[in-house]
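Data first, discussion second: the structure below is written as structure tokens.
Atoms considered below: every heavy atom in the structure, side chains included; atoms not considered: hydrogens, waters and symmetry mates. By convention in this document, chain letters (A, B, ...) are assigned in the order of the sequence lines, proteins followed by strands, and residues within each chain are numbered from 1. None of the values given here were measured: they were computed from a predicted structure.
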Protein chains: 2
Amino acid sequence: MLSIGTLAKRTGTKVQTIRYYEQIGIMPEPGRSEGGQRRYGDEELDRLAFIRHSRQLGFSLEAIRELLDLSDSPERSCAEVDAIAQRQLREVEARIGRLEALRVELRRMIGECDQGQMADCRILQVLRDHEECLTDHDRGGA
Amino acid sequence: MLSIGTLAKRTGTKVQTIRYYEQIGIMPEPGRSEGGQRRYGDEELDRLAFIRHSRQLGFSLEAIRELLDLSDSPERSCAEVDAIAQRQLREVEARIGRLEALRVELRRMIGECDQGQMADCRILQVLRDHEECLTDHDRGGA
DNA sequence: CTTTTTTCTACAGCTACTGTAGGAAACGAA
DNA sequence: TTCGTTTCCTACAGTAGCTGTAGAAAAAAG
């Protein structure tokens, strides 16, 4: 039987996070010691490791809840699991795309900065320079 | 004089977000109409556009607060602004790196799924398969 | 037996907003 | 001017996914 602290160490999770998972219902209420402390077995260890690994892969807790539900009902097809993973992949790719665009703009901005005085700092000018943004919203909104 | 709604439309911001920015002190308290409604001028429009543009580039509100402070004190060097932008670029690059690693693992996972029954779903197996994670934390923690 | 570590509950705080309720102000049309 | 619609006001709760705190009890170590 494992204490919450041991479980935490073994899975690289903080103790409060485990209690939080219990609170939101993705970890079960475990048994207790005589003194009222949580005691876990291997099943809970596996479940928590699954959750943490999925979190590391960027799955939301809601998606993980779905995955756990699916894995509890073996009569359903693997296709549903696949769909969740595909969705996750698409989200990751979208995020990468957005960040790459940011990187381009940041690099351009930084490249133009020649370490002069504030008055003509290119970075601030670029950030202040919202012409495109403004007209964007103007045309779009009105 | 602009109403808060007009300012919102022009900058692509929600009305509540503007009030939130005022509350946390990165937008000033504006003048009011006779009836007590907020009225803005071009200075506030510029400031808000600066904030929104910076947010779109991934800067945190804290970083933006710094940038605004710096741009209010023109005697300081552009190098400080450059440092903030560089830091931001490094963060963006780190995030891209992490997401690319995720993408690799997700693709591998999905590739192995052959749409069979749950019992032998590769995706769930991969997610469940935490050997590496466990030993990682085991060796690292103990 | 004493000291230190761990655990307990309950709650506040974090980022950056977003949404809601209930009411007042402003604006356009008749 | 009156009506109806839209916008605005304040104040507060909620979102995701935790993290940190306080004060007390239980467990482990010496």
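Closest to the side chain of A:Gln37, from the set D:dC8, C:dA16, D:dA26, is D:dA26. Listed candidates were D:dC9, C:dT9, C:dT20. Nearest to the side chain of A:Arg32 is C:dT9.
Phosphate proximity of C:dC17 to B:Arg52: present, with a side-chain N or O under 4.0 Å from OP1 or OP2. Remark: A:Arg55 is in phosphate contact with D:dG17, judged by side-chain N or O atoms under 4.0 Å from OP1 or OP2. Phosphate proximity of C:dT7 to A:Ser3: present, with a side-chain N or O under 4.0 Å from OP1 or OP2. Side-chain N/O atoms of A:Arg19 include none lying less than 4.0 angstrom from OP1 or OP2 on C:dT9. The side chain of A:Lys14 contributes no N or O atom lying less than 4.0 Å from OP1 or OP2 of D:dG17. Not one side-chain nitrogen or oxygen of B:Arg39 sits closer than 4.0 Å to the OP1 or OP2 atom of D:dC9. Listed pair A:Arg38 / C:dT7 fails the phosphate criterion, with no side-chain N or O lying under 4.0 Å from OP1 or OP2. Between B:Thr17 and C:dA16 there is no side-chain N or O to OP1 or OP2 distance below 4.0 Å. An OP1 or OP2 oxygen of C:dA25 is reached within less than 4.0 angstrom by no side-chain nitrogen or oxygen of B:Ser33.
Whole-Å rounding puts the B:Leu7 CG to D:dT7 P distance at 15 Å. Taking atom CE of B:Met27 as the reference point, atom C1' of C:dA16 lies 16 Å away to the nearest angstrom. Per the geometry, CE belonging to B:Met1 stands 14 Å off P belonging to C:dC27, to the nearest Å. When rounded to the nearest whole Å, the span between OH of B:Tyr20 and P of D:dA13 equals 17 Å. When rounded to the nearest whole Å, the span between OH of A:Tyr21 and P of D:dG17 equals 8 Å. The CD-P distance, from A:Glu29 to C:dC8, rounds to 13 Å in whole Å. Between the CD1 atom of A:Ile24 and the C1' atom of D:dT15 there is a distance of 13 Å, given to the nearest Å. Rounded to whole angstrom, the span from the CD atom of A:Glu34 across to the C1' atom of D:dA25 amounts to 15 Å.
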Exercise for the section: Apply salt bridge (Lys or Arg N to Asp or Glu O under 4.0 Å) to the pair B:Arg107 and A:Glu93, showing each step before the final yes or no. Expected result: CA-CA 11 Å; B:Arg107 278 187 181 152; A:Glu93 285 178 335; 2.5 Å; yes
Practice task
Take B:Tyr40 and B:Leu48 through the side-chain contact (heavy atoms from CB on, under 4.5 Å) test and state the conclusion after the steps.
Solution key: CA-CA 11 Å; B:Tyr40 297 93; B:Leu48 182 55; over 6 Å; no
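Axis deviation across the helix from C:dC1-D:dG30 to C:dA30-D:dT1 amounts to 10°, comparing end segments of five pairs, rounded to 10 degrees.
In terms of modelled atom types and a separation under 3.5 Å, the side chain of B:Arg47 and the main chain of B:Leu68 share no donor-acceptor contact. Between the side chain of B:Glu105 and the backbone N or O of B:Leu102, no donor-acceptor pair lies under 3.5 Å. A:Thr6 places no side-chain N or O within 3.5 Å of a backbone atom of A:Leu2 that could act as its donor or acceptor partner. Between the side chain of B:Arg55 and the main chain of B:Phe59, a donor-acceptor pair closer than 3.5 Å is present. The backbone N or O of A:Phe50 lies less than 3.5 Å from a partner atom in the side chain of A:Ser54, making a donor-acceptor pair.
Mapping B:Gly5 and B:Gln16 onto DNA chain D by nearest heavy atom places B:Gly5 closer to the 5' end of the strand. Residue order along DNA chain C, read from the 5' end via each residue's closest nucleotide, puts A:Gly36 first among B:Gly36 and A:Gly36.
In terms of hydrophobic clustering, with Ile, Leu, Val, Met, Phe, Trp and Tyr side chains grouped at heavy-atom distances under 4.5 Å, A:Ile64 and A:Ile24 are assigned to a common cluster.
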